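Here the structure is laid out as structure tokens; the discussion comes afterwards.
Keep in mind that what you see is a predicted model, and the values were worked out from it rather than measured. Atoms considered below: every heavy atom in the structure, side chains included; atoms not considered: hydrogens, waters and symmetry mates. Counting convention: from 1, in listed order, for ligands and their atoms alike.
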Amino acid sequence: MKVVTVIGARPQFIKAAAVSKALKTHAPEIQEILVHTGQHFDQNMSNIFFDQMGIPTPSYRFDIHSLPHGAMTGLMLARIEEVLLTERPDAVVVFGDTNSTLAGALAARKQNIPVAHVEAGLRSFNLEMPEEINRILTDRISTLLFCPTQKAVDNLQLEAFDRYDCRIVVTGDVMLDAVLTFGPMATPPLISLPERFVLATIHRQSNTDNLEVLQQLIDALHIIGASVPVVLPIHPRTRNILSSSAIKLQDDRIILVDPVGYLESLWLIRNADLVLTDSGGLQKEAYFLGKGCVTLRDETEWTELVESGANIPAGTSVQGILEAFETLSAAVIVPDLSMYGSGAASETIAAILLHLHHEM
Ligand code: UDP
């Protein structure tokens, strides 16, 4: 069975690391061909993950990035289409909710190639998020919907997905697989860090493109940083916007670092008092590693984390963030990993793909 896997952005490298490893255990029955769109491209947003996590070198690598959504998705669609016409795979695997996800799914579906969506069924119910649009459209044209949680299945059922010709499976979360595999290898970043710190990341378009919002987030981090320093691995988008804005960071309160590798990211989460983030993946990793998470958004797709008390969607006001920070500083988080499966989501996905192929 030939599988083309489309990746392009940081969280997809991490998810693909887990799934590629599982697919490889079925070689030569499954042959995986990786396509990297180039959405994230530099050393610390791309290459480092391939090195640290042993992801196979992509057979196809484009250089499509730093473009508006339409241009980026359109170019990806055209290039992926060419690959699929050449390779004629039995299935295409896509992850999550980026433009690379949607382009991969659309290119495959238009050629009647079955699409497997890993991390299907997530919803923020906020259609202003580009990620939400990508998720909904990708789910709708996918053949296999690999859901990380039961909640994701419930979301699809609310949208009447059982009427469609697709298969919905709860597999567990491949990000849990990755944390269980790579957690023991977590390493500190090569920077001097205080003994105690909190970890923050900011990169969502709604938080970076509106300077008033970004200023509020930085104001909140400055206030928190007065009592416990904030380590902020800075996403390139956020760095660019900050450096062309009048927003100033106080370096005695916010320790700005370049984006770190996955092993360093896991180390930072594990050693932080807690996490403040607008990232989807980091919210779960915080939970897996027993840390509270102040989510710097009004809503989250990972609502089971909110129900567990480990995550508070604090919005973007200074007051909201400080209140959530205070609540979670006093909380003890005892994770129930079973909400996200048993750490074998990737094996389940590989086995189902193979099963589907045998059925055809
Ligand atoms: N991450 C990383 N280095 C960093 C920041 C994050 O390796 O400097 C990892 C993090 O541990 C998580 C993933 O990147 O596994 C999250 O990706 P991101 O926040 O870019 O995307 P999202 O999860 O919001 O889609």
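- In this structure, W302 and D173 have side chains that are in contact, with non-hydrogen atoms separated by less than 4.5 Å.
- In terms of modelled atom types and a separation under 3.5 Å, the side chain of E132 and the main chain of E128 share no donor-acceptor contact.
- Distances between N or O atoms of E285 and those of ligand 1 include at least one value under 3.5 Å.
- Side-chain atoms of I224 and L322, non-hydrogen and from C-beta on, do get closer than 4.5 Å to each other.
- Short contacts between ligand 1 and V260, defined as distances under 4.0 Å to a heavy atom of the residue, involve ligand atoms 2 (C), 3 (N), 4 (C), 7 (O), 8 (O).
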Q: Show your reasoning for whether ring-ring contact (aromatic ring centres under 6.0 Å, His included) applies to F13 and H40.
A: CA-CA 10 Å; F13 308 141; H40 286 162; 7.0 Å; no
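- The shortest N or O to N or O distance between P233 and ligand 1 is not below 3.5 Å.
- With a 4.5 Å cut-off on side-chain heavy atoms, S279 and H203 count as touching.
- Geometrically, ligand 1 and T201 share no nitrogen or oxygen pair separated by less than 3.5 Å.
- Residue, atom and distance of the protein heavy atom nearest to atom 21 (O) of ligand 1 are P11 CG, 3.4 Å.
- K15 places no side-chain N or O within donor-acceptor distance of the main-chain N or O of G96, the cut-off being under 3.5 Å.
- Residues F161 and V153 fail the side-chain proximity criterion, which asks for heavy atoms closer than 4.5 Å.
- With T149 contributing its side chain and Y340 its backbone, the two residues share no donor-acceptor pair below 3.5 Å.
- Residue R204 places at least one N or O, backbone or side chain, under 3.5 Å from an N or O of ligand 1.
- Where the criterion is an N or O separation shorter than 3.5 Å, residue side chain and backbone included, G280 meets it with respect to ligand 1.
- Distances between N or O atoms of R10 and those of ligand 1 include at least one value under 3.5 Å.
- An N or O contact shorter than 3.5 Å links S279 to ligand 1 by distance.
- At distances below 3.5 Å, not a single donor-acceptor pair connects side-chain atoms of T171 with backbone N or O atoms of F146.
- Residue L282 has at least one heavy-atom neighbour below 4.0 Å for each of these atoms of ligand 1: 10 (C), 11 (O).
- Annotation for ligand 1: atoms under 4.0 Å from non-hydrogen atoms of P259 are 8 (O).
- Atoms of ligand 1 found under 4.0 Å from any heavy atom of G281 (numbered from 1 in listed order, with element): 22 (P), 23 (O).
- When heavy-atom distances to ligand 1 are checked against a 4.0 Å cut-off, E131 has no atom that comes that close, whether in backbone or side chain.
- At distances below 3.5 Å, not a single donor-acceptor pair connects side-chain atoms of D63 with backbone N or O atoms of G38.
- Taking a cut-off of under 4.0 Å to the non-hydrogen atoms of S265, the atoms of ligand 1 that pass are 1 (N), 2 (C), 3 (N), 6 (C), 7 (O), 9 (C), 10 (C), 11 (O).
- Contacts between H235 and ligand 1, counted as non-hydrogen atom pairs separated by less than 4.0 Å, are absent for every part of the residue.
- Considering backbone and side-chain atoms together, I14 places no N or O closer than 3.5 Å to any N or O of ligand 1.
- For ligand 1 and H203, the ligand atoms under 4.0 Å from any heavy atom of the residue are 18 (P), 19 (O), 20 (O), 21 (O), 24 (O).
- Remark: ligand 1 atoms within the under-4.0 Å shell around heavy atoms of F49 are 7 (O).
- At a 4.0 Å cut-off, at least one heavy atom of M175 sits close enough to ligand 1 to count as contact.
- Looking only at distances, no side-chain donor or acceptor of R10 sits under 3.5 Å from a matching main-chain atom of M45.
- E29 contributes no side-chain N or O that, together with a main-chain N or O of H26, makes up a donor-acceptor pair within less than 3.5 Å.
- Residue G261 approaches ligand 1 through these ligand atoms, each under 4.0 Å from one of its heavy atoms: 7 (O).
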